[in-house]
Amino acid sequence: QQQVKQSPQSLIVQKGGIPIINCAYENTAFDYFPWYQQFPGKGPALLIAIRPDVSEKKEGRFTISFNKSAKQFSLHIMDSQPGDSATYFCAATQRNTGGFKTIFGAGTRLFVKA
Amino acid sequence: SQTIHQWPATLVQPVGSPLSLECTVEGTSNPNLYWYRQAAGRGLQLLFYSVGIGQISSEVPQNLSASRPQDRQFILSSKKLLLSDSGFYLCAWGLRGGPYTGELFFGEGSRLTVL
């Protein structure tokens, strides 16, 4: 299966810190790069997403940086809060006949200390 | 508004028993439908996706199968469960047609434990 590699596996930061999660992909056919946030026992929910023609996107405290030539992208969480403690998944999406297919990274478990 | 329902939420089954997980979507037509599995502490593995009734694409050869008998219904099945089938199963839908967003909307998940 096409891969999306995500690191680190887990991350602990103090409140107010800036956790950074990194992802890399291989398939240049991917054309949409979302980040999903998942709380325990729940399904993931879309947090923020970027298309490959843009190098950066900000939504509130969340920023995606995208490097098309390196095939890498990352999530930065500014002024992190305990409520941000969750598992974060990067993903890459490719259109196909009639729809699209999304491949996920392995996830990063973030814990923000109060 | 659109909603997605999965059931059962929790299931404990013996090895060798059959499985049926069901997912339905409300408030949208012709959605793309997906089954993902999340093993403990691991990422989301795409198992099946469907772009229409009766159209199933399998991503990983395994002990499971999927069916889409109606436009907004997606079923995950197994004839004989293995221990390795344990996990958190997530159904998701994506908008088909219209502007391409690539966004997936997930259900609450079904936690399967095979003993």
Side-chain angles (χ1 to χ4, degrees), chain A residues 1-10 21 23-25 27 29-54 57 59 64 73 86-110, chain B residues 2-6 9-10 23 25 28 30-62 68 71 74 88-111:
Chain A
Q1 199 175 49
Q2 300 159 339
Q3 283 191 322
V4 176
K5 296 182 180 179
Q6 182 173 349
S7 63
Q9 282 189 322
S10 61
I21 305 170
C23 285
Y25 64 98
N27 186 352
F30 289 134
D31 59 3
Y32 177 78
F33 298 88
W35 286 86
Y36 285 81
Q37 181 187 53
Q38 184 183 34
F39 293 104
K42 302 293 185 182
L46 181 68
L47 186 63
I48 185 173
I50 197 168
R51 298 197 186 278
D53 54 349
V54 176
K57 183 174 182 181
E59 287 186 4
I64 299 178
F73 58 111
T87 299
Y88 293 81
F89 293 97
C90 64
T93 296
Q94 175 183 1
R95 270 178 274 199
N96 54 20
T97 304
F100 59 89
K101 186 169 73 173
T102 299
I103 305 299
F104 285 81
T108 297
R109 189 171 290 185
L110 171 66
Chain B
Q2 301 90 359
T3 56
I4 178 168
H5 303 281
Q6 272 188 254
T10 307
C23 170
V25 180
T28 189
N30 301 315
N32 291 324
L33 295 173
Y34 306 83
W35 279 111
Y36 284 87
R37 177 170 60 198
Q38 184 175 17
R42 301 187 66 181
L44 293 146
Q45 180 186 33
L46 178 61
L47 302 176
F48 302 96
Y49 69 94
S50 171
V51 299
I53 296 173
Q55 300 179 60
I56 307 295
S57 295
S58 175
E59 290 295 299
V60 183
Q62 58 203 327
R68 185 171 177 174
D71 180 47
F74 206 22
F88 192 46
Y89 288 83
L90 289 154
C91 180
W93 73 272
L95 193 64
R96 184 180 175 202
Y100 167 60
T101 68
E103 182 175 1
L104 289 175
F105 301 89
F106 284 88
E108 293 284 284
S110 297
R111 186 164 301 282

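Chain identifiers are assigned alphabetically (A, B, ...) following the order of the sequence lines, protein sequences preceding nucleic acid strands; residue numbering begins at 1 within each chain.
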For residues 42-54 of chain A, dump all side-chain donor-acceptor pairs below 3.5 Å to protein atoms at least two apart in sequence or in another chain.
| from | atom 1 | to | atom 2 | distance (Å) |
| --- | --- | --- | --- | --- |
| A:Lys42 | NZ | B:Glu108 | OE1 | 3.1 |
| A:Arg51 | NH2 | B:Tyr100 | O | 2.7 |

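If you measure heavy-atom distances from B:Tyr34 to chain A, the contacts under 4.5 Å come from the side chain alone. Interface remark: A:Phe89 contributes side-chain atoms only to the contact with chain B (heavy atom separation under 4.5 Å). Proximity to chain B (any heavy atom under 4.5 Å) is shown, for A:Gln6, by neither the backbone nor the side chain.
Rounding to the nearest 0.5 Å gives a distance of 12.5 Å between CZ of B:Arg68 and CH2 of B:Trp35. Here the CG atom belonging to B:Leu90 is positioned 9.0 Å from the CZ atom belonging to A:Phe104, to the nearest 0.5 angstrom.
With sequence neighbours excluded, the residues satisfying side-chain hydrogen bond (donor to acceptor under 3.5 Å, both in side chains) with A:Arg95 are A:Asp31.
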